[in-house]
Protein chains: 2
Amino acid sequence: MPPNYSVSEENYIKSIHYLQQVNEAVSTSALAEHLNAKPASITEMLKKLQAKGLLLYNPYKTFRLSKEGNKVALIIIRRHRLWEFFLVDKLQFSWEEVHEVAEELEHVRSKKLIDKLDAFLSYPKFDPHGDPIPDANGKINIQQQLPLSRLPLNKQAVITAVQDQSSELLSFLSSLNIVIGTRLEIKRRLAFDNSLEIKCRNKQAVNISEQVAKAIQVNPL
Amino acid sequence: MPPNYSVSEENYIKSIHYLQQVNEAVSTSALAEHLNAKPASITEMLKKLQAKGLLLYNPYKTFRLSKEGNKVALIIIRRHRLWEFFLVDKLQFSWEEVHEVAEELEHVRSKKLIDKLDAFLSYPKFDPHGDPIPDANGKINIQQQLPLSRLPLNKQAVITAVQDQSSELLSFLSSLNIVIGTRLEIKRRLAFDNSLEIKCRNKQAVNISEQVAKAIQVNPL
DNA sequence: TAAATTTTTTAGGTTTGCCTAAAAATTAAT
DNA sequence: ATTAATTTTTAGGCAAACCTAAAAAATTTA
Ligand SMILES: [Mn+2]
Ligand SMILES: [Mn+2]
Ligand SMILES: [Mn+2]
Ligand SMILES: [Mn+2]
């Protein structure tokens with residue numbers, strides 16, 4: 001029987017996993033920022049996670065999840081994203097509302113529950129933000145994906161994910177009818193601010209900033 | 001915005017509510033037993049709940065939920081029973097398995113989540129054990145109900161609930177094909193141990209003990 | 001390379017929720 | 001009505017997670 005971790009431990013593991021993706025080396029202060037806690041609290045938890053074999057930790061230097069820690073992270077991410085899918089697909093929550101509720105639901109620790117939920121939802125591959133859902137073994141099905149900011153001019157692509165999950169950005173994109181699955185291409189790139197003019201099939205071209213373009217992941221066709 | 005209560009506080013409130021149903025006056029030791037905690041811990045929490053206006057408490061005597069405390073209890077019970085219904089009806093959990101998982105899910109505090117779940121499930125009136133589900137205002141639709149042990153001889157009745165939710169009892173009843181909705185009558189009552197001989201439509205009569213009969217709630221026709 | 005700055009850890013508190021053991025109040029038995 | 005037994009509360013601790021302030025280490029700047 002795999003050990004169970006506290007809600008706090010799970011949130012730390014998930015945040016460390018997230019920061020590792022973005023930027024290999026994780027620092028105490030970055031994690032403190034991300035978890036809205038003070039660095040002193042982080043250090044304490046790092047020692048606890050290391051003692052439990054979830055973390056490889058060099059005091060005063062950096063740290064990263066161990067193999068076991070990574071496995072745990074993927075289980076939590078699986079729970080989070082399956083619940084998000086459920087909330088949108090079955091309960092008619094909107095895109096922007098689900099994150100907060102899923103943040104709580106993800107801590108209900110029952111493998112049977114999650115595997116049955118997965119089956120009930122017909123084994124979805126992506127959550128409502130386009131992020132991939134790990135399978136029951138923690139495996140993620142990767143697909144070619146890059147930020148819209150790096151898509152070549154006039155190349156067709158499909159939106160697969162929106163990285164930043166702030167309500168503001170999601171609402172903005174919704175208002176432009178830009179959702180997961182939308183097909184688009186870049187018509188022009190303004191050199192001086194790297195903003196993009198993008199065009200969806202039959203729709204008018206719209207302008208988006210470099211920051212927004214970086215947060216949108218696409219799959220070139 | 002209604003205040004939020006901790007998981008521990010919610011479990012105390014729910015247990016006090018439960019013990020009040022069974023036996024008006026609640027004692028520290030009974031609650032300690034029910035919550036698997038020591039009496040000293042109970043006293044501490046009683047003071048906290050009283051300070052928050054959820055409990056009417058006379059030290060060294062008894063206590064009961066205040067009006068507000070009762071309202072909170074019904075919200076938690078609503079969450080618990082809706083999740084149980086969801087687990088059985090949508091995720092194909094069996095009767096006996098749901099309680100433990102619902103015990104965790106009931107603490108996800110989002111009114112919107114529960115009200116949308118209720119709608120998704122088409123506003124069920126009873127949970128899988130036959131217990132009534134309070135509506136969004138905490139109202140319970142009552143129906144005439146009494147323990148099978150008090151049903152008169154040869155009077156037809158429908159099973160509406162099973163009080164005790166231990167896995168053992170539920171499995172036992174399942175094996176006898178006794179479920180919520182089963183119609184039955186009592187053919188004989190053995191005076192020396194109060195065991196009952198019960199008969200379901202077209203089926204062979206079976207014997208059940210007084211304890212089991214007390215745990216089964218029925219609605220006389 | 002030495003000093004200044006920033007980052008991280010350690011030391012010492014707080015709150016919540018639990019515990020054991022002792023004291024106080026209530027209830028039951030002579 | 002005392003005394004005995006039981007129940008409840010109080011007192012004093014402990015672990016988990018958080019905090020602030022001070023010390024230590026690492027990094028940057030001069
Ligand atoms: Mn969370
Ligand atoms: Mn998501
Ligand atoms: Mn519970
Ligand atoms: Mn139930």
Side-chain angles (χ1 to χ4, degrees), chain A residues 3-16 19-20 22-65 69 72-73 76 103-104 106-109, chain B residues 3-16 19-20 22-65 69 72-73 76 103-104 106-109:
Chain A
N4 269 3
Y5 302 103
S6 71
V7 169
S8 221
E9 287 168 333
E10 289 193 348
N11 283 332
Y12 273 78
I13 293 165
K14 201 165 62 117
S15 285
I16 295 168
L19 293 173
Q20 274 180 195
V22 175
N23 184 346
E24 184 60 41
V26 186
S27 74
T28 301
S29 51
L31 185 53
E33 169 92 0
H34 195 254
L35 280 169
N36 241 301
K38 303 291 156 172
S41 309
I42 304 299
T43 302
E44 265 182 66
M45 184 61 95
L46 294 181
K47 289 192 282 190
K48 218 180 308 177
L49 293 177
Q50 184 184 40
K52 295 191 179 186
L54 301 173
L55 195 72
L56 305 168
Y57 171 42
N58 301 90
Y60 284 107
K61 301 247 175 116
T62 58
F63 50 88
R64 63 181 211 279
L65 292 175
V72 174
I76 304 165
E103 203 57 48
E104 285 202 53
E106 73 186 357
H107 301 294
V108 176
R109 306 170 208 58
Chain B
N4 269 4
Y5 301 103
S6 72
V7 169
S8 221
E9 287 169 333
E10 289 193 348
N11 282 333
Y12 273 78
I13 293 165
K14 201 164 62 116
S15 285
I16 296 169
L19 293 173
Q20 275 181 192
V22 175
N23 184 345
E24 184 59 43
V26 186
S27 75
T28 301
S29 51
L31 185 52
E33 169 91 359
H34 195 255
L35 281 168
N36 243 302
K38 302 293 157 171
S41 309
I42 304 299
T43 303
E44 267 181 63
M45 184 61 94
L46 295 181
K47 289 192 282 190
K48 217 181 305 176
L49 293 177
Q50 185 184 40
K52 295 192 179 186
L54 300 172
L55 196 74
L56 304 168
Y57 172 43
N58 301 89
Y60 284 107
K61 301 249 174 114
T62 57
F63 49 88
R64 61 181 212 278
L65 292 175
V72 173
I76 304 165
E103 204 56 49
E104 285 202 51
E106 72 186 358
H107 301 294
V108 177
R109 306 171 214 37

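We name chains A, B, ... by the order of the sequence lines, and we start the count at 1 in each one. Since we're looking at a predicted model, the values are computed, not measured.
Inter-residue side-chain proximity for B/Glu10 and B/Val72 is flagged as unmet; no heavy-atom pair is nearer than 4.5 Å. Using a 4.5 Å heavy-atom threshold, the side chains of A/Tyr12 and A/Leu46 count as separate.
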Going 5' to 3' along nucleotides 8-24 of chain C, which nucleotides have protein heavy atoms under 4.0 Å from the base (write B), which only from the sugar-phosphate (write S), and which from neither (write -)?
BBB-----SBBBBB--B

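The backbone N or O of A/Leu65 lies less than 3.5 Å from a partner atom in the side chain of A/Gln20, making a donor-acceptor pair.
With salt bridges taken as basic N to acidic carboxylate O contacts below 4.0 Å, one links A/Arg109 and B/Glu104.
By the ring pair (Phe, Tyr, Trp, His ring centres under 6.0 Å) test, A/His34 is found to be paired with A/Tyr18, residues two or more places apart in sequence or in another chain being considered.
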